[in-house]
Amino acid sequence: MTSAYQHKLPIWLTLGAGYREWLRMLPALRRLVVNAFLIVLAISVLDQFIPASLEEQEPFGTAISLAEAAVRAFLLAPILIAIHRFIILDEITETYAVPIGEPAFRRFFGWLFAFEVLAGLPFDFLSALQGLNATLAATTVWFVGALVVSVALMVRLSILPPAIAVEAPGARPAAALEDTKGWALRIFAIFCVAVIPWLAVDLAVTALIGRGIAVTGSIPGMIGLVFGAILQTVLLTLAAVIASLLFIALGAHERRHARPSAPA
């Protein structure tokens, strides 16, 4: 990684590198990527069997959301660790395994679960405000505030999971915050621009399938579930690759005294 890249973090160059590394990763870790798709699909299918009335009833709705986030984080953690290690260390993981006895895995799972909770927190907060019959203006202000705080934290801590995955000695929240200081807007822009084309694909496919996509058990609904799982797998693995590259470019404190990284 060149000095210019580390200091400037150009958006388009980073995106280009991210997609190149993602395409290089797919065949190398294809079995794990297929496992990620099956995990995401299974969780989506199981979610269809939870009654909407139960999800909307508090505190059951929050408990269900947390349980789903924990299961998702636990099952996907080995795959995301493998992706980070492939991009940063050029290490290929052949099989899916959950090394629950390893401290690094438990730390990674804990932070991945924290990211899942952070991602859903603004919407849980919105539901709580609506349940309290708050005014539209107050609900909007508090929701936007919660969304900004949630996104800001995830952006600033985005290089922490890769650091934990490669067992960098300096893998701590404080170090991640220090290394991403001043880069938050660029990191946010990189992730946003990476996601936009896939959101366009999602809208196009949803429009093509039609309203039947919302009907549980229907053929359009099942097609929608499969497509949704594919899209989530794409975004999940692509985000992991980009986070790995950001760690290589910015993770000076986490990488200190760590093993030399393979060039991306």
Side-chain angles (χ1 to χ4, degrees), residues 35-84 96-134 138-165 171-173 176-177 191 195 214 216 224-225 228-229 231-237 239-240 243:
N35 284 338
F37 163 73
L38 294 175
I39 289 168
V40 171
L41 179 61
I43 293 174
S44 298
V45 171
L46 289 174
D47 189 55
Q48 297 291 307
F49 290 95
I50 300 175
S53 58
L54 187 61
E55 288 186 313
E56 294 170 359
Q57 183 180 353
E58 294 297 340
F60 297 110
T62 300
I64 291 170
S65 296
L66 290 174
E68 285 185 355
V71 170
R72 178 183 166 92
F74 183 79
L75 295 177
L76 291 174
I79 299 169
L80 298 182
I81 289 173
I83 293 174
H84 291 315
Y96 177 87
V98 181
I100 195 169
E102 296 181 6
F105 172 80
R106 294 197 296 270
R107 279 192 70 200
F108 189 94
F109 158 65
W111 277 103
L112 187 59
F113 174 62
F115 272 67
E116 292 270 357
V117 173
L118 273 175
L121 187 61
F123 302 97
D124 293 334
F125 193 43
L126 177 63
S127 298
L129 289 172
Q130 291 173 338
L132 294 173
N133 296 320
T139 299
T140 303
V141 170
W142 283 105
F143 171 72
V144 172
L147 185 63
V148 169
V149 172
S150 177
V151 171
L153 281 173
M154 289 191 291
V155 165
R156 293 293 303 279
L157 294 172
S158 59
I159 64 174
L160 181 58
I164 296 172
R172 300 185 306 275
L177 292 173
F191 280 113
V195 166
T216 302
L225 279 177
L231 186 63
Q232 287 185 60
T233 304
V234 168
L235 295 177
L236 187 71
T237 54

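Positions are given from 1 along the sequence. These numbers come from a predicted model, not from an experiment.
- Leu80 and Ala240 make their closest contact through CD2-CB, 4.0 Å (heavy atoms, listed as atom of the first residue, atom of the second, distance).
- Taking 4.5 Å as the limit, some side-chain heavy atom of Ile79 sits within range of a side-chain heavy atom of Ile39.
- Across all non-hydrogen atoms, the minimal contact from Phe105 to Ile100 is CD2-CA, 3.7 Å.
- Between Leu225 and Ser44, the closest heavy-atom pair is CD2-CB, 3.9 Å.
- Proximity of Leu41 to Val45: side-chain heavy atoms (C-beta onward) are separated by under 4.5 Å at one or more points.
- Between Arg72 and Leu236 there is a side-chain heavy-atom pair separated by less than 4.5 Å.
- In terms of modelled atom types and a separation under 3.5 Å, the side chain of Arg107 and the main chain of Ala171 share a donor-acceptor contact.
- In this structure, the side chain of Tyr96 engages the main chain of Leu75 through a donor-acceptor pair within 3.5 Å.
- With contacts defined as side-chain heavy-atom distances shorter than 4.5 Å, the pair Ser158/Phe191 qualifies.
- No donor-acceptor distance shorter than 3.5 angstrom exists from the side chain of Ser150 to the backbone of Ala146, with no hydrogens or angles considered.
- Ring planes of Phe115 and Trp111: perpendicular class, angle over 60° (limits at 30 and 60°).
- Distance check, rounded to the nearest 0.5 Å: CZ of Phe113 to CG of Leu118 gives 10.5 Å.
- Distance check: Ile43 CD1 to Leu76 CG gives 6.0 Å after rounding to the nearest 0.5 Å.
- Atom CG of residue Leu231 and atom CZ of residue Phe37 lie 11.5 Å apart, to the nearest 0.5 angstrom.
- Closest approach of Thr237 to Val234, counting heavy atoms only: OG1-O, 3.1 Å.
- A pairwise comparison of heavy atoms in Val98 and Pro78 identifies CG2-CG, 3.9 Å as the closest pair.
- Counting all heavy atoms, side chain and backbone alike, Ala243 lies closest to Pro162 at O-CG, 3.6 Å.
- Atoms CG and CG, on Leu177 and Leu153 in that order, are 8.0 Å from each other to the nearest 0.5 Å.
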